[in-house]
Amino acid sequence: MDDESLVNAPVQKRIYAVVRQIPPGRVATYGQIAAIVGGCTARMVGYALAALPPETDVPWQRVINRQGKISPRGAGDGSLRQRLLLEAEGIAFDQAHRVDLGRFGWQGPDWAWAARHGFVPVPAPDNR
DNA sequence: CACGTGACAACTC
DNA sequence: AGAGTTGCCACGT
């Protein structure tokens, strides 16, 4: 089915698929997405999200940098919108405009889902 | 805490 | 068919 096509799909498409699996009220980092997709660097994730249309179904807003902060984006207004969207989902920002990845950090997609898309083996998401 | 480095893919002309 | 341009990082020292 289309799911398997994902394996042959361009990297960006795979990234979108993973980001789409992030549940509301949860945030993931570029590096995390990159690690799940595999063979992809964190920057590639940023590039992919930057190429997303304004009406995409991909929750790009839930993807933030490793610092737990929102990327500055070119204009800067987009960052504000992203923050509002996250707050609307229940994500809390601290005084430093940072999100506690330990609380809201996404633990990764379901193994069954990942396996279905050929995202296995998935690198250990910091079992901590 | 700040700076510099390392590193890729997709789109358009 | 090829080349150039554009684009929301992470890590170590």
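Chain letters run A, B, ... following the sequence lines, proteins first and then strands; every chain starts at 1.
- Taking atom P in both dT5(B) and dG7(C), the straight-line distance is 23 Å, to the nearest Å.
- Contact check on R62(A) versus E89(A) returns a salt bridge, with a Lys/Arg side-chain nitrogen under 4.0 Å from an Asp/Glu carboxylate oxygen.
- One can place CG of L49(A) at 14 Å from P of dG7(C), the figure rounded to the nearest angstrom.
- Atom CD1 of I33(A) and atom C1' of dA10(C) are 15 Å apart (whole Å).
- With distances taken from any side-chain atom of T41(A) to the nucleotides dC8(B), dA9(B), dC9(C), the minimum falls on dC8(B).
- Rounded to a whole Å, the CD atom of Q67(A) is 10 Å from the P atom of dC11(C).
- A distance below 6.0 Å separates the ring centres of F119(A) and W113(A).
- Taking atom CZ on R43(A) and atom P on dA10(B), their separation rounds to 16 Å, with Å as the unit.
- Closest approach to the R66(A) side chain among dC8(B), dA10(B), dA10(C) is made by dA10(C) (side chain taken as heavy atoms from C-beta onward).
- Rounded to whole angstrom, the span from the CD atom of Q12(A) across to the C1' atom of dA10(B) amounts to 6 Å.
- For I15(A) and dG7(C), the CD1 to P distance is 17 Å, given to the nearest whole Å.
- Using C1' as the reference atom, dC11(C) and dC1(B) are 15 Å apart when rounded to the nearest Å.
- Here dA10(C) is the nucleotide among dC9(C), dA10(C), dA10(B) with the atom lying nearest to any side-chain atom of T29(A).
- Out of dA10(C), dA10(B), dG7(C), the shortest distance to the side chain of Y47(A) is found at dG7(C).
- Between the side chain of Q82(A) and the backbone N or O of V63(A), at least one donor-acceptor pair lies under 3.5 Å.
- The two atoms that bring I22(A) and A28(A) nearest to each other are CD1-CB, 3.6 Å, heavy atoms only.
- Looking at every heavy atom in both residues, A34(A) comes nearest to C40(A) through CB-O, 3.3 Å.
- Rounded to a whole Å, the CE atom of M44(A) is 12 Å from the C1' atom of dC11(B).
- Atom-to-atom, CH2 of W60(A) to P of dC9(C) comes out at 13 Å; the value is rounded to the nearest Å.
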